[in-house]
Amino acid sequence: MAAHLKKRVYEEFTKVVQQQEEVATKKLRLTKPSKSAALHVDLCKAACPADALQYLLQFARKPVEAESVEGVVRILLEHYYKETDPSVRLKIASLLGLLSKTAGFSPDCIIDDAINILQNEKSHQVLAQLLDTLLAIGTKLAENQAIQTRLVDVACKHLTDTSHGVRNKCLQLLGNLGSLEKSVTKDTEGLTARDVQKIIGDYFSDQDPRVRTAAIKAMLQLHERGLKLHQTVYNQACKLLSDDYEQVRSAAVQLIWVVSQLYPESIVPIPSSNEEIRLVDDAFGKICHMVSDGSWVVRVQAAKLLGSMEQVSSHFLEQTLDKKLMSDLRRKRTAHERAKELYSSGEFSSGRKWGDDAPKEEVDTGAVNLIESGACGAFVHGLEDEMYEVRIAAVEALCMLAQSSPAFAEKCLDFLVDMFNDEIEEVRLQSIHTMRKISNNITLREDQLDTVLAVLEDSSRDIREALHELLCCTNVSTKEGIHLALVELLKNLTKYPTDRDSIWKCLKFLGSRHPTLVLPLVPELLSTHPFFDTAEPDMDDPAYIAVLVLIFNAAKTCPTMPALFSDHTFRHYAYLRDSLSHLVPALRLPGRKLVSSALSPNIAPHEDPSQQFLQQSLERVYSLQHLDPQGAQELLEFTIRDLQRLGELQSELAGVADFSATYLRCQLLLIKALQEKLWNVAAPLYLKQSDLASAAAKQIMEETYKMEFMYSGVENKQVVIIHHMRLQAKALQLIVTARTTRGVDPLFGMCEKFLQEVDFFQRCFIADLPQLQDSFVDKLLDLMPRLMTSKPAEVVKILQTMLRQSAFLHLPLPEQIHKASATIIEPAGESDNPLRFTSGLVVALDVDATLEHVQDPQNTVKVQVLYPDGQAQMIHPKPADFRNPGPGRHRLITQVYLSHTAWTEPCQVEVRLLLAYSSTARIPKSPWIEGGEGPPQVDTSIEGAIPFSKPVKVYIMPKPARR
Amino acid sequence: MPEIRVTPLGAGQDVGRSCILVSIAGKNVMLDCGMHMGFNDDRRFPDFSYITQNGRLTDFLDCVIISHFHLDHCGALPYFSEMVGYDGPIYMTHPTQAICPILLEDYRKIAVDKKGEANFFTSQMIKDCMKKVVAVHLHQTVQVDDELEIKAYYAGHVLGAAMFQIKVGSESVVYTGDYNMTPDRHLGAAWVDKCRPSLLISESTYATTIRDSKRCRERDFLKKVHETVERGGKVLIPVFALGRAQELCILLETFWERMNLKVPIYFSTGLTEKANHYYKLFITWTNQKIRKTFVQRNMFEFKHIKAFDRAFADNPGPMVVFATPGMLHAGQSLQIFRKWAGNEKNMVIMPGYCVQGTVGHKILSGQRKLEMEGRQVLEVKMQVEYMSFSAHADAKGIMQLVGQAEPDSVLLVHGEAKKMEFLRQKIEQEFRVSCYMPANGETVTLPTSPSIPVGISLGLLKREMAQGLLPEAKKLRLLHGTLIMKDSSFRLVSSEQALKELGLAEHQLRFTCRVHLQDTRKEQEMALRVYSHLKSTLQGHCVQHLPDGSVTVESILIQAAAHSEDPGTKVLLVSWTYQDEELGSFLTALLKKGLPQTPS
């Protein structure tokens with residue numbers, strides 16, 4: 001009950017504030033006592049510490065306005081001095097910290113008090129909390145040098161505290177606030193800065209591991225804030241690598257990495273010898289050593305960091321893959337070396353016998369070093385680790401290092417191929433992706449290819465598709481390799497027919513990359529015979545199509561190949577070129593006029609004319625205002641048609657063409673709408689015709705949303721134009737409404753809203769206004785003062801004339817623009833068998849779709865299910881359902897749950913993909929909300945959604961439940 | 001001098017019959033109690049009479065620890081506890097406790113029923129022996145008695161294999177048993193924390209080997225099986241029932257799952273089924289993958305692997321069969337081998353080492369014509385493959401474990417002497433710790449310097465802290481106090497409190513020393529000179545010249561007097577209390593050097 005009353009009280013207080021808002025002078029006075037007074041009363045009432053604690057907890061749940069913070073702080077401090085119970089003091093201290101974070105409140109007024117109470121505090125916990133509060137204050141006042149120095153002093157003073165918590169916080173404070181060396185600061189401050197590093201460094205040898213960790217973290221924090229760490233830190237950190245505690249070691253590894261990036265080229269001595277090496281190499285060796293640490297947390301950390309040490313010398317890098325094998329003190333070759341030897345000796349796939357791997361030469365016992373201090377075999381260990389987290393980290397590191405060093409890429413290939421057989425799917429997938437990323441640097445040997453291809457039979461679809469992707473960009477060294485790949489891919493096709501598209505695509509690239517290797521295989525693949533005609537293969541056989549795709553793509557750059565084709569091959573070519581044009585390229589075929597003449601002569605310069613054509617047609621359009629309306633309309637219509645056709649023909653220009661066409665269509669609609677007779681006649685007579693104009697306005701709005709959100713690569717200058725177009729549409733809407741509705745009341749609101757929009761536009765695009773010369777907005781803003789004071793009828797009139805007079809804006813074309821598109825692969829929508837399920841229960845429908853050029857699909861792509869009764873359902877797929885097989889491409893594999901009441905007969909539901917958008921910027925959350933127990937705020941900022949895939953029909957049949 | 005004594009009764013410079021006696025701080029512990037596979041006479045069991053000639057073993061041993069269920073580590077247990085007689089506790093992990101009796105019973109059956117041995121332990125004895133077992137969990141500290149405690153660490157190797165730390169006070173021994181530092185398909189890697197034991201007893205089976213990555217081996221194995229099966233051939237894999245068999249099963253099972261294969265896999269029944277049951281139960285002892293996925297599916301509930309029936313061997317079409325025993329010397333594996341050997345499409349894969357004389361060894365060494373019983377000649381046309389899947393740590397692994405545990409010294413067992421020697425040198429060279437490798441019956445004595453905990457009274461600690469700066473972790477500090485040893489506990493208290501506690505009166509102890517100096521001047525003058533000299537040398541101390549002509553430095557009194565006989569010699573009397581011993585002796589030494597000559 002008391003809590004309820006209190007709530008009421010608060011509500012009233014806040015109401016009071018709102019009412020008084022206009023009287024700025026009184027506001028402070030009214031709010032301050034009200035907020036803090038309630039707290040004060042509560043705290044005075046509290047009989048025991050437990051009660052007081054309860055009040056404070058409740059208080060913490062409510063946000064406090066910036067104006068009343070100071071009052072509340074005073075009250076809290078007052079109670080703090082009186083309070084004897086440490087737990088209450090602790091809570092007050094933490095509240096102080098929270099309060100000082102409030103936006104709009106400057107905490108420099110409480111800093112003295114905070115430091116004061118710190119000096120008299122005895123309880124370690126409270127001390128730690130107070131230091132935390134000071135940290136919050138310090139970070140808020142990051143610009144104030146004096147306060148920073150003062151706080152650092154306070155921290156230094158308490159560093160000698162016996163409690164680890166206090167020391168922890170002090171170090172944290174030093175790390176966050178320790179002054180940075182800047183050229184402008186005076187010498188004295190430079191001194192303190194150097195001190196900070198030394199002070200923190202001293203605590204590297206603290207007795208408490210938590211403090212040691214905090215010290216390292218503070219050092220890292222200093223680095224993050226831009227302070228250049230001294231090289232002496234390196235030696236200190238190296239000592240910590242053999243610490244007993246994993247968190248210390250883990251942090252130390254990070255610190256070493258940081259220092260190695262700062263001073264890669266400095267020279268450090270190797271202990272117990274006279275030699276010296278580069279620091280980055282030394283650090284690399286040390287981190288490599290940590291890959292075989294006892295704690296897996298440290299191992300993951302070390303493996304991850306290895307990947308980003310690109311300056312390391314290749315000699316050290318190659319050691320990481322080196323592991324000297326021996327058996328019975330005799331040197332043994334690794335399986336990798338044996339495989340390589342087998343391959344280079346020309347022998348392939350011999351059955352290995354016992355003793356084949358028998359050790360050869362004797363090893364000098366003195367020379368064998370069992371624990372390498374250097375980088376030896378770090379990756380060999382990492383890739384064999386027990387925890388898959390470590391293995392993944394190691395694979396990632398391999399990937400990054402291999403990308404920067406082709407020689408290393410060649411070396412690590414064997415190991416990556418081995419990882420294709422890992423027991424955890426994630427690791428397999430990761431290694432396949434890694435291989436794809438480094439595929440530019442490598443050529444697969446036959447035996448490696450063999451292992452790679454064996455994975456094609458994997459039952460996981462992700463793995464297979466990743467592998468297809470990999471094969472797309474792999475270099476194969478021999479024709480046997482190509483043959484092998486084809487055979488395995490066909491095997492894959494028969495086993496998993498759903499992979500059809502992916503396999504065809506893979507073969508397309510395989511063919512175009514290796515024309516010379518495919519050439520000798522052609523007769524065999526097409527099973528042609530020099531003397532006999534062979535039977536014509538079935539044209540619908542996916543396997544046959546796969547072979548043809550490979551051959552045709554190879555033939556594109558290999559003019560001698562078509563000579564080997566038989567008659568039916570040419571016929572099939574013509575058929576496939578038409579039906580699967582994205583897979584089969586245009587070929588120059590000897591003696592065949594039909595295809596050769598038009599397209600093939602010179603493919604490279606072909607792009608230029610189309611580009612030119614696009615430019616020319618657009619330029620023609622932009623000279624529009626000089627034409628009469630009728631001519632303009634016609635020109636626009638033609639151009640739109642041209643652009644659309646161009647987009648279909650030239651896939652590279654499709655994005656630009658569509659984008660411009662959409663824009664022109666908007667313009668066309670606008671012109672059409674303004675041509676209506678409606679404008680010349682008295683309003684009440686033309687109620688019906690106005691439909692066209694308002695429909696046009698609505699459609700323009702839709703099109704502008706599409707332009708803004710469905711294309712990737714849209715830049716700010718386009719966004720301005722799009723918004724401008726939308727503004728015009730809104731103006732049109734306003735005018736239409738004005739003309740068709742009687743009475744003035746609704747117009748007031750609409751006018752005001754429109755003017756707000758204009759205002760918003762101005763604020764958002766203030767920088768871009770100069771390029772909008774002579775446009776609608778330009779004129780509008782000129783007349784803005786007048787508009788603000790005019791009546792709605794007048795506003796409408798002004799708008800109308802301005803719309804007519806305004807110039808057509810030139811839409812600058814962006815460099816790279818792509819239209820987002822989606823294709824639903826599954827459900828295919830061909831099934832005649834309805835999906836039966838009991839009504840009231842759910843049925844899961846597998847949806848598989850590819851998305852192209854969608855930014856941030858996890859948040860924007862939704863699935864919509866449309867039932868025959870008009871009911872629509874929007875489904876948000878899980879972020880994990882999206883995969884990213886390549887740049888600009890995504891794949892959605894999810895399950896959609898359908899349910900409905902019973903139907904009498906099966907019917908079709910529509911499934912489609914939507915692109916959700918929101919134009920409002922997200923409002924940053926206040927610290928109070930994350931601290932409080934309030935429910936997490938649901939992001940409901942979706943404004944609308946654009947369908948961007950063809951709908952697919954699914955036949956379903958909810959049966960009535962049987963009793 | 002406290003010491004740790006270690007005597008291997010078995011496994012000293014040898015593989016098999018693991019049995020190591022350790023006495024540490026007066027406690028006697030026996031580590032493992034195994035049998036030797038190479039012998040069929042008395043030598044197969046350790047010589048327990050070494051422990052005591054007459055008298056019960058229970059009185060001499062505080063506990064017995066079994067590291068894992070392999071017979072060379074636990075095979076002699078029923079003989080030891082029931083026939084020789086031991087009633088004390090036997091410690092082992094839960095999986096070992098569960099699987100051990102199955103193996104012992106199997107061993108007994110072969111020895112008694114097949115070979116007809118008499119005077120062997122009976123089934124009842126195995127049961128009785130197992131009743132004495134105390135099961136331990138990983139990382140659980142078990143108090144054997146007030147002082148002795150043991151703790152188990154994960155060792156990989158086989159299900160339930162553990163390393164044990166035996167600890168008395170601050171002295172400890174870690175015994176590794178058999179362990180594996182590289183994880184495999186069903187077990188994780190051995191792990192030990194930085195426990196810094198006084199002694200680490202490690203196995204050293206692969207002391208001179210560094211192994212290749214396991215992935216290549218696995219891949220080769222799978223590829224071979226897959227190719228054969230695709231050709232329509234049959235694959236025979238002879239295995240021993242436990243350990244590697246499960247590893248290979250998991251490997252094939254997951255491969256079948258991944259590749260969507262339908263070819264049947266069979267496992268010859270019997271012993272294995274029971275053991276598999278335990279594998280399903282002890283999921284916590286397996287590796288990350290199995291532990292993480294067992295909620296969806298227990299990896300040991302094989303979907304593709306079915307029980308084998310004798311009649312299946314004649315079925316047409318491809319199949320994979322696991323059959324016991326592993327060396328093809330008898331039993332089902334040999335029967336199947338005979339049936340399939342004639343077809344070149346088939347394949348046999350030997351996953352482990354084969355003893356000389358067995359069919360396995362013959363075919364591995366390339367023999368293509370085998371003489372079987374009854375003068376039959378069997379022509380081997382099938383492919384023969386060898387694939388090593390061992391679960392012991394290699395040289396690098398052993399070094400890695402030594403590095404992890406940071407012991408004061410290392411002792412190697414369970415390996416061949418020649419190979420151990422190499423590893424011993426390496427350990428001594430790289431870790432700079434002493435390393436031993438005793439033979440069976442040879443005792444190694446290690447002197448230890450155990451740290452003795454001393455309690456300090458809070459008052460004294462605070463007083464000392466108030467005097468100086470804060471304590472620093474790695475700096476030694478001098479502290480005055482009285483050490484009281486009472487009822488085997490040590491306490492450090494201030495001297496006043498000690499006096500009070502013991503009811504003694506305080507005595508003052510003063511040292512007096514005469515220093516003769518050649519000087520003809522007067523005593524007063526002499527005293528002044530001493531004063532000025534000391535004042536200039538001892539800057540940090542309080543030096544005073546008292547009115548009665550004497551000089552004090554802190555509480556040390558110096559008086560000058562004339563020598564009674566020789567007026568040219570002056571005598572300086574230096575007197576100090578026991579507490580100021582340090583300063584006092586310094587002063588006398590200083591004065592003995594004489595005073596500096598003043599120009600006057």
Side-chain angles (χ1 to χ4, degrees), chain A residues 160 162 205-208 244 292-294 323-330 332-336 339 351-357 363 365-366 368-371 377 380-381 383-389 414-415 417-425 450-451 454-455 457-460 463 495-496, chain B residues 182-183 185 188-189 191-194 206 208-220 222-224 226 250 254-255 257-261 287-289 292 350 364-366 383-386 388 395-396 398-400 403-404 418-419 422-423 425-427 430-431 469-474:
Chain A
T160 46
T162 47
S205 53
D206 194 272
Q207 56 182 346
D208 194 299
D244 281 9
S292 47
D293 190 83
K323 189 180 174 186
K324 296 265 180 304
L325 301 193
M326 62 173 192
S327 167
D328 244 352
L329 283 181
R330 272 181 290 181
K332 214 171 121 177
R333 286 165 312 146
T334 62
H336 291 148
R352 193 144 56 80
K353 287 168 212 81
W354 189 41
D356 175 37
D357 61 344
V363 170
T365 46
V368 180
N369 191 11
L370 285 180
I371 307 184
V380 181
H381 286 291
L383 294 176
E384 264 186 54
D385 199 272
E386 184 184 0
M387 311 298 283
Y388 83 91
E389 292 90 341
D414 277 322
F415 294 89
V417 171
D418 279 349
M419 293 307 285
F420 283 19
N421 286 317
D422 195 88
E423 52 193 345
I424 304 245
E425 191 181 314
D450 204 30
T451 327
V455 187
E457 286 189 51
D458 202 293
S459 59
S460 152
I463 296 266
K495 205 162 173 182
Y496 307 98
Chain B
T182 45
R185 289 279 168 154
W191 181 84
V192 68
D193 59 10
K194 216 176 257 190
Y206 286 100
T208 54
T209 301
I210 301 174
R211 267 203 307 263
D212 199 355
S213 132
K214 61 162 186 164
R215 287 180 200 284
C216 299
R217 287 191 306 248
E218 284 178 5
R219 199 186 57 212
D220 272 6
L222 292 173
K223 204 171 125 191
K224 272 169 197 159
H226 192 189
I250 291 264
T254 44
F255 186 71
E257 188 92 9
R258 254 182 72 192
M259 297 300 176
N260 240 334
L261 296 179
N287 72 2
Q288 189 194 20
K289 155 94 176 163
K292 286 222 162 135
M350 309 298 297
L364 276 180
S365 43
Q383 296 175 57
V384 180
E385 293 288 349
Y386 173 74
S388 147
K396 267 198 144 173
I398 296 170
M399 299 298 271
Q400 207 182 330
Q404 263 183 31
K418 214 179 89 199
K419 299 180 179 179
F422 164 77
L423 191 66
Q425 280 174 11
K426 286 288 153 197
I427 291 175
E430 282 175 31
F431 291 105
L469 292 158
L470 271 169
E472 271 193 59
K474 278 154 198 159

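Letters go in sequence order (proteins before strands), and every chain restarts at 1.
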Heavy-atom distance under 4.5 Å between the side chains of K223(B) and D450(A), does that happen here? yes

D385(A), part contacting chain B, at a heavy-atom distance under 4.5 Å: backbone

Roughly how far, to the nearest 0.5 Å, is NE2 of H381(A) from NZ of K396(B)? 4.0 Å

With the threshold set at 4.0 Å, does a side-chain nitrogen-carboxylate oxygen contact exist between E425(A) and K292(B)? no

Here the pair of heavy atoms bringing D422(A) nearest to R258(B) is O-NH1, 4.2 Å

With distance as the sole test, does R215(B) use its side chain to make a donor-acceptor pair with the main-chain N or O of L383(A) at under 3.5 Å? yes

Using modelled atom types and a 3.5 Å cut-off, is there a donor and acceptor pairing between side-chain atoms of K495(A) and backbone atoms of M259(B)? yes

Where on F415(A) is there a heavy atom nearer than 4.5 Å to chain B: the side chain, the backbone, both, or neither? neither

In Å and rounded to the nearest 0.5 Å, what is the CD1 to NZ distance from I424(A) to K289(B)? 5.0 Å

Heavy-atom check, side chain of Y388(A) versus side chain of Q288(B), under 4.5 Å: yes

Where do G188(B) and E386(A) come nearest, in terms of heavy atoms and distance? CA-OE2, 3.1 Å

Report yes if some heavy atom in the side chain of E423(A) is under 4.5 Å from a heavy atom in the side chain of I250(B); otherwise report no. no

If every non-hydrogen atom of S459(A) is compared with every non-hydrogen atom of E257(B), which pair is closest and at what distance? OG-O, 3.4 Å

Identify the two heavy atoms, one from R185(B) and one from N421(A), that lie closest to each other, and give their separation to 0.1 Å. NH2-O, 2.9 Å

